[in-house]
Amino acid sequence: QVQLVESGGGLVQAGGSLRLSCSASGRAFSNLAMGWFRQAPGKEREFVAAINWSGSNTYCADSVKGRFTISRDNAKNTAYLQMDSLKPEDTAVYYCAASRFNTVSGSRAMYAYWGQGTQVTVSS
């Protein structure tokens with residue numbers, strides 16, 4: 001089993017920045033691809049960004065490309081989502097997810113492990 005714990009959410013004004021962290025335990029972190037998803041009230045959970053095992057490959061949704069950056073530190077068993085130029089439409093619960101596959105897939109089905117989520121609220 002893999003346990004994922006997100007942190008770093010909060011309230012920020014439009015145009016501001018936040019960095020989310022996802023700490024993993026229970027399996028060799030360097031053998032987990034990591035993804036970030038988000039879910040706004042009344043909407044489906046949607047893909048945000050993903051990074052493969054080594055961090056050599058990343059993929060971001062068009063809606064956040066150029067504003068959000070995913071990264072990882074395998075020595076710290078932690079993945080990050082740097083969010084800049086935040087917009088009110090970025091308001092959502094953000095979930096960290098882990099996959100046993102060396103992937104940057106945006107499909108929820110590829111991720112077997114999920115965190116509890118952290119709230120991000122962007123005020124206008």
Return yes when atom [atom1] of [X] has more than 12 non-hydrogen atoms of other residues, nucleotides or ligands closer than 6.0 Å, and no otherwise.
{"X": "K65", "atom1": "NZ", "value": "yes"}
{"X": "R100", "atom1": "CZ", "value": "no"}
{"X": "Q116", "atom1": "CD", "value": "no"}

With a 4.5 Å cut-off on side-chain heavy-atom distances among I, L, V, M, F, W and Y, is there a chain of contacts connecting [X] to [Y]?
{"X": "V2", "Y": "V104", "value": "no"}
{"X": "M110", "Y": "L32", "value": "no"}
{"X": "V48", "Y": "Y59", "value": "no"}
{"X": "V12", "Y": "W36", "value": "yes"}
{"X": "L20", "Y": "Y113", "value": "yes"}

Under a 3.5 Å cutoff, is there a donor and acceptor pairing between the side chains of [X] and [Y]?
{"X": "S54", "Y": "S56", "answer": "yes"}
{"X": "R19", "Y": "Y80", "answer": "no"}
{"X": "T91", "Y": "E89", "answer": "no"}
{"X": "S17", "Y": "D84", "answer": "yes"}

Heavy-atom pair with the smallest gap, counting every atom of A40 and A92: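 Between these two residues, the closest heavy atoms are N-CB, 3.8 Å.
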Minimum heavy-atom distance L4-A24, with the two atoms named: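 Nearest heavy atoms, L4 then A24: CD2-CB, 3.6 Å.
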Trace of the side chain to side chain contact (heavy atoms under 4.5 Å, CB included) decision for T69 with L81: CA-CA 6 Å; T69 303; L81 185 68; over 6 Å; no
Flag side-chain contact, heavy atom, 4.5 Å: R108 against E44: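 Of all side-chain heavy-atom pairs linking E44 with R108, at least one is under 4.5 Å.
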Any V93 side-chain heavy atom under 4.5 Å of T118 side chain: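 Side chain of V93 against side chain of T118, heavy atoms only: no contact under 4.5 Å found.
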Pi-cation contact, W53 with R72 (under 6.0 Å, within 45°):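 Judged by the rule (NZ or CZ under 6.0 Å from the ring centre, within 45° of its axis), R72 is not positioned above W53.
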Using 0.5 Å steps for rounding, measure from the [atom1] atom of [X] to the [atom2] atom of [Y].
{"X": "Q13", "Y": "S123", "atom1": "CD", "atom2": "OG", "result": "5.0 Å"}
{"X": "T58", "Y": "F68", "atom1": "OG1", "atom2": "CZ", "result": "14.0 Å"}
{"X": "M83", "Y": "R38", "atom1": "CE", "atom2": "CZ", "result": "9.0 Å"}
{"X": "Q39", "Y": "Q119", "atom1": "CD", "atom2": "CD", "result": "11.0 Å"}
{"X": "T78", "Y": "M34", "atom1": "OG1", "atom2": "CE", "result": "8.5 Å"}
{"X": "N52", "Y": "N102", "atom1": "CG", "atom2": "CG", "result": "5.0 Å"}

Main-chain N/O of K87 paired with D90 side-chain donor or acceptor, under 3.5 Å: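 At least one qualifying donor-acceptor pair exists.
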ring-ring contact (aromatic ring centres under 6.0 Å, His included), paired with Y111, selected from F101, Y95, F37: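 The passing option is F37.
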Pair listing, disulfide (SG to SG under 2.5 Å) test, anchored in residues 26-105, at least two apart: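 Disulfide (SG to SG under 2.5 Å) check on residues 26-105 returns C22-C96.
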